[in-house]
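To keep things clear, I will list the structure first and then write my remarks on it.
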Amino acid sequence: MATIADVARHAGVSSSTVSYVLNGKRPISEETRRRVRRSVAALGYHPNAGARALAGRRSHIIALVVPLRTDVYVPVMMEIAVSVTTAARRHGYDVLLVTNDEGPAGVRRVATSGLADGVILMDVELGDKRVPALRAAGTQAVLIGLPDDPLGLSCVDHDFAAAGALSADDLADLGHRDVAFIGYEPGVYARHAGYAERTLAGFRERAQLRGLRFLHRPCEGTYEGTAGTLARILADRPETTGFVVQNERAIGPLLSLLRSGGRPVPEAASVVALCPDRLAEQHSPALTSVSGSAQELGRVAVEQMMSRLAAAQRQEQPVDERVLLPPVLTERQSSGPAGATPSNAKDPS
DNA sequence: TTGTGCGACACCACGACAGA
DNA sequence: TCTGTCGTGGTGTCGCACAA
């Protein structure tokens, strides 16, 4: 394996000159640069990551703490992870994927071991125990999600409250008066996941403002779970015609149950899904959706991290940024004007 | 004064070795 | 056996020298 000294010998310069050619931190004549680059290519040289970390006191690695649980929608998480990795590479950083099974102890271990220059935390809960651990470790950290107390950290998230409000507005604008919010499984609310609670709060506030009668029902997302949830909604409020669904796994079962229960979408019931566009387009009928860009979320998180690392390098206090990405409502075929009478409505259970 | 290149040294964890 | 010291790895960067 070629070292910087081999390249220097091959090019007839000192190793410091090779280093300056590679990192561009000092002007080097075009002729010398050309010679060094030729030697780098000829020897197949790549800087030794360990030595580089030792000398620069930076590993050029960002740890990405990814939730891998049964109640997360994996495609969205993967989309964010890919976006973080791509954006990090543009800055010369690699990404270390860390699963969340160690909790705060795992975050502390990664943050204090020098394994990574910074930590990006996904799936942040309101009172997330990992946040104080990160703060205490003194590492640069960016949260994808908004905790109760984001002091000393940068955060980026979708504006879930606005997404909830948009979905309520859409159904209200279409004339629906009785609507139901089908949420995630109860465990998600029990652990105070910020995205779930903020969406619900935004929906609730706007629904009240628009004079909607509404129900919120957590839902397991299985066919049986969705059937039970829908049955309870229609038992409590049979006149319900508008449905907002946040649990991605419940969407398919819900459409099917409404159809078989004599409430075809959109003729007799409207469904607005809080989900990625790609998923909304896969269903039949294609779903009216409120979505945010997972790619943008990852990109902004990395930009925030780079800005924090640069500030720390200059021995300045990093700025705690807080960015909420606005949601976009896309009208498709699953929502329509209220007023159609349910035909042959049956008990979905 | 500016541009360019070089030597020296620090970085840090770990193993090898010497001395108590 | 324990403790302390030194050398090792490859890279990044500072300070200096030199030429134009």
Side-chain angles (χ1 to χ4, degrees), chain A residues 1-66 84-121 130 132-142 152-154 299 301-319 321:
Chain A
M1 204 173 64
T3 67
I4 198 168
D6 297 328
V7 174
R9 248 192 315 276
H10 191 272
V13 296
S14 72
S15 54
S16 60
T17 300
V18 176
S19 176
Y20 286 126
V21 167
L22 296 178
N23 62 33
K25 290 190 176 165
R26 273 213 186 162
I28 299 290
S29 69
E30 186 51 43
E31 166 55 24
T32 306
R33 252 185 295 164
R34 236 195 320 265
R35 237 172 39 234
V36 169
R37 289 210 188 100
R38 267 201 298 268
S39 299
V40 165
L43 299 176
Y45 168 74
H46 285 286
N48 180 293
R52 199 170 173 221
L54 178 63
R57 278 178 278 184
R58 290 174 89 167
S59 64
H60 291 88
I61 287 173
I62 296 170
L64 177 66
V65 184
V66 182
V84 166
T85 308
T86 310
R89 275 312 307 149
R90 279 200 290 271
H91 291 276
Y93 277 76
D94 283 299
V95 171
L96 172 72
L97 274 189
V98 181
T99 56
N100 199 28
D101 43 5
E102 286 180 78
V107 166
R108 208 174 295 120
R109 179 177 61 79
V110 171
T112 56
S113 65
L115 201 59
D117 296 335
V119 178
I120 296 179
L121 206 59
R130 299 169 302 173
L134 270 181
R135 208 179 278 129
T139 191
Q140 297 309 325
V142 172
L153 306 160
S154 291
R299 189 194 66 77
V302 169
E303 293 308 323
Q304 288 182 337
M305 176 59 76
M306 291 305 134
S307 128
R308 295 190 73 89
L309 290 173
Q313 183 90 344
R314 296 191 301 269
Q315 301 196 323
E316 292 170 8
Q317 184 65 34
V319 178
E321 296 177 76

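By convention in this document, chain letters (A, B, ...) are assigned in the order of the sequence lines, proteins followed by strands, and residues within each chain are numbered from 1.
A donor-acceptor contact shorter than 3.5 Å is absent between the side chain of A:T32 and the backbone of A:I28. Not a single donor-acceptor pair under 3.5 Å links the side chain of A:D117 to the backbone N or O of A:R58. Checking side-chain atoms of A:S39 against main-chain N and O of A:R35 turns up a donor-acceptor pair under 3.5 Å. Checking side-chain atoms of A:R89 against main-chain N and O of A:Y93 turns up a donor-acceptor pair under 3.5 Å.
Think of the region where chain A sits on DNA chain B: with heavy atoms and a 4.0 Å cut, that region ends 5' and 3' at B:dT4 to B:dC12.
The distance from atom CG of A:N48 to atom P of C:dG12 is 10 Å, rounded to the nearest whole Å. Rounded to whole angstrom, the span from the CD atom of A:E31 across to the C1' atom of C:dA20 amounts to 17 Å. In this entry the distance linking CD1 of A:I28 with P of C:dT13 reads 13 Å, nearest Å. Taking atom NE2 on A:H46 and atom C1' on C:dG10, their separation rounds to 16 Å, with Å as the unit. Atom-to-atom, CD1 of A:I4 to C1' of C:dT11 comes out at 6 Å; the value is rounded to the nearest Å.
With contacts defined as side-chain heavy-atom distances shorter than 4.5 Å, the pair A:T139/A:T112 does not qualify.
When each of A:G56 and A:V13 is assigned the nucleotide of DNA chain B with its nearest heavy atom, A:V13 is the one assigned upstream, toward the 5' end.
Of all nucleotides listed (C:dG12, C:dG9, C:dT13), C:dT13 comes nearest to the side chain of A:Y20.
Contact annotation for A:S29: backbone-only contact, meaning every heavy-atom pair under 4.0 Å involves sugar-phosphate atoms and none involves a base. Among the protein residues, A:S16 comes within range of the nucleic acid bases, having at least one heavy atom under 4.0 Å from a base atom.
Checked by atom type, the side-chain pair A:S19/A:S16 shows no donor-acceptor distance below 3.5 Å.
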